[in-house]
Asker: 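First the structure, which I've put down as structure tokens, then a few questions once you've had a look.
Atom set for the values below is all heavy atoms of this structure, side chains included, hydrogens, waters and symmetry mates excluded.
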Amino acid sequence: QLQFVESGGGLVQPGGSLRLSCAASGFTLDHRHVGWFRQVPGKERRVVSCISSSGDATNYADSVKGRFTISRDNAKNTVYLQMNSLKPEDTDVYYCAARSSCSDFSLILTSWGQGTQVTVSS
């Protein structure tokens, strides 16, 4: 089963930072676009960011632009999400998945993992 293992979440105060990791399990990341998503249980999963297979193109949801940075290390088979200036509204479970592209209407190509919980609270 093609899946990612997410980690790095936790409880942080507003204005703090976290670095999420997304490690590929059972496949290599080469040649795959990868996206980070967020979801509150019971609600629709939303795109946070995406990075192209080469790593030279990225995009972000408006709500996180200027605060979050996506990156990848193919040698480590891992994609990262650096989250700075965190706000309470960033609280969610964060997931990653391979995508057919980083455009709005791409397909999800991997199974969803367990995600990692990010809680921003004082």
Side-chain angles (χ1 to χ4, degrees):
Q1 187 177 15
L2 303 184
Q3 196 173 60
F4 288 92
V5 178
E6 300 92 349
S7 63
L11 173 63
V12 63
Q13 292 187 342
S17 298
L18 285 172
R19 188 195 195 200
L20 306 184
S21 297
C22 168
S25 176
F27 66 103
T28 60
L29 276 182
D30 293 10
H31 312 301
R32 296 183 185 270
H33 312 290
V34 179
W36 278 99
F37 301 78
R38 58 188 292 182
Q39 184 179 32
V40 173
K43 294 192 176 181
E44 186 177 349
R45 196 170 273 131
R46 297 176 289 161
V47 173
V48 176
S49 181
C50 189
I51 187 166
S52 65
S53 57
S54 63
D56 61 0
T58 59
N59 58 41
Y60 299 90
D62 288 343
S63 60
V64 306
K65 280 180 182 176
R67 300 188 298 121
F68 291 8
T69 302
I70 191 171
S71 62
R72 64 191 296 154
D73 184 340
N74 285 351
K76 294 184 178 180
N77 227 23
T78 301
V79 173
Y80 303 97
L81 187 68
Q82 178 67 42
M83 310 169 77
N84 297 329
S85 302
L86 282 160
K87 304 175 180 179
E89 51 264 42
D90 295 320
T91 296
D92 247 334
V93 181
Y94 286 74
Y95 303 85
C96 53
R99 304 175 65 182
S100 57
S101 76
C102 283
S103 65
D104 289 343
F105 302 103
S106 65
L107 300 175
I108 301 299
L109 302 178
T110 51
S111 300
W112 295 107
Q114 294 297 310
T116 185
Q117 174 72 50
V118 172
T119 303
V120 185
S121 176
S122 55

Asker: Kindly give the heavy-atom pair with the smallest separation between V47 and A61, and that separation in Å.
Answerer: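 Minimum heavy-atom separation between V47 and A61: O-CB, 3.6 Å.
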Asker: What's the separation between atom OG in S49 and atom CE in M83, rounded to the nearest 0.5 Å?
Answerer: 10.5 Å
Asker: To the nearest 0.5 Å, tell me how far L29 CG sits from N77 CG.
Answerer: 4.5 Å
Asker: Look at the side-chain heavy atoms of Ile, Leu, Val, Met, Phe, Trp and Tyr, link any pair under 4.5 Å apart, and say whether I70 and F68 land in one connected group.
Answerer: yes
Asker: Counting only heavy atoms not in Q114 (residues, nucleotides, ligands), do more than 12 fall under 6.0 Å from its CD?
Answerer: no
Asker: Give a yes or no on whether the backbone of A24 and the side-chain of Q3 come within a donor-acceptor separation of less than 3.5 Å.
Answerer: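 Not confirmed, Q3 side chain does not pair with A24 backbone.
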Asker: Is there side-chain contact between L11 and S121, with at least one heavy-atom pair below 4.5 Å?
Answerer: yes
Asker: Side chains of T28 and D30: donor-acceptor distance under 3.5 Å anywhere?
Answerer: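 D30 and T28 do not have a side-chain donor-acceptor pair below 3.5 Å.
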Asker: Between T110 and A98, is there a donor-acceptor pair closer than 3.5 Å when you use the side chain of the first and the backbone of the second?
Answerer: yes
Asker: On a heavy-atom basis, which atom in V48 and which in L81 lie closest, and how many Å separate them?
Answerer: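 In terms of heavy atoms, the two residues are closest at CG1-CD2, 4.2 Å.
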Asker: Answer yes if L2 and I51 sit in the same cluster of Ile, Leu, Val, Met, Phe, Trp and Tyr residues linked by side chain heavy atoms under 4.5 Å apart, and no otherwise.
Answerer: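 Linked within one cluster.
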Asker: Honestly curious: do F37 and L86 fall in one hydrophobic cluster under the side-chain, below-4.5 Å linking rule?
Answerer: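 Per the 4.5 Å side-chain linkage, F37 and L86 are not co-clustered.
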Asker: Nearest heavy-atom pair of W36 and S21: which atoms, and what distance?
Answerer: CH2-O, 3.6 Å
Asker: Which pair of non-hydrogen atoms, one from C96 and one from V34, has the smallest distance, and what is that distance?
Answerer: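 Heavy atoms only, the tightest pair is CB-CG1, 4.4 Å.
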Asker: If you compare all heavy atoms of N59 against all heavy atoms of C102, which two are closest, and at what distance to 0.1 Å?
Answerer: ND2-O, 2.9 Å
Asker: Considering non-hydrogen atoms only, spot the tightest contact between R72 and R32 and give its length.
Answerer: NH1-O, 2.8 Å
Asker: With a 4.5 Å cut-off on side-chain heavy-atom distances among I, L, V, M, F, W and Y, is there a chain of contacts connecting W112 to V5?
Answerer: no
Asker: Kindly work out whether a path of hydrophobic side-chain contacts (I/L/V/M/F/W/Y, heavy atoms less than 4.5 Å apart) joins Y80 to V64.
Answerer: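 No, Y80 does not connect to V64 through the hydrophobic network.
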Asker: Tell me, which pairs form a side-chain hydrogen bond (donor to acceptor under 3.5 Å, both in side chains) where one or both residues lie in residues 89-102, sequence neighbours left out?
Answerer: R38-D92, R46-D92, R67-D90, R99-S106, S101-S103
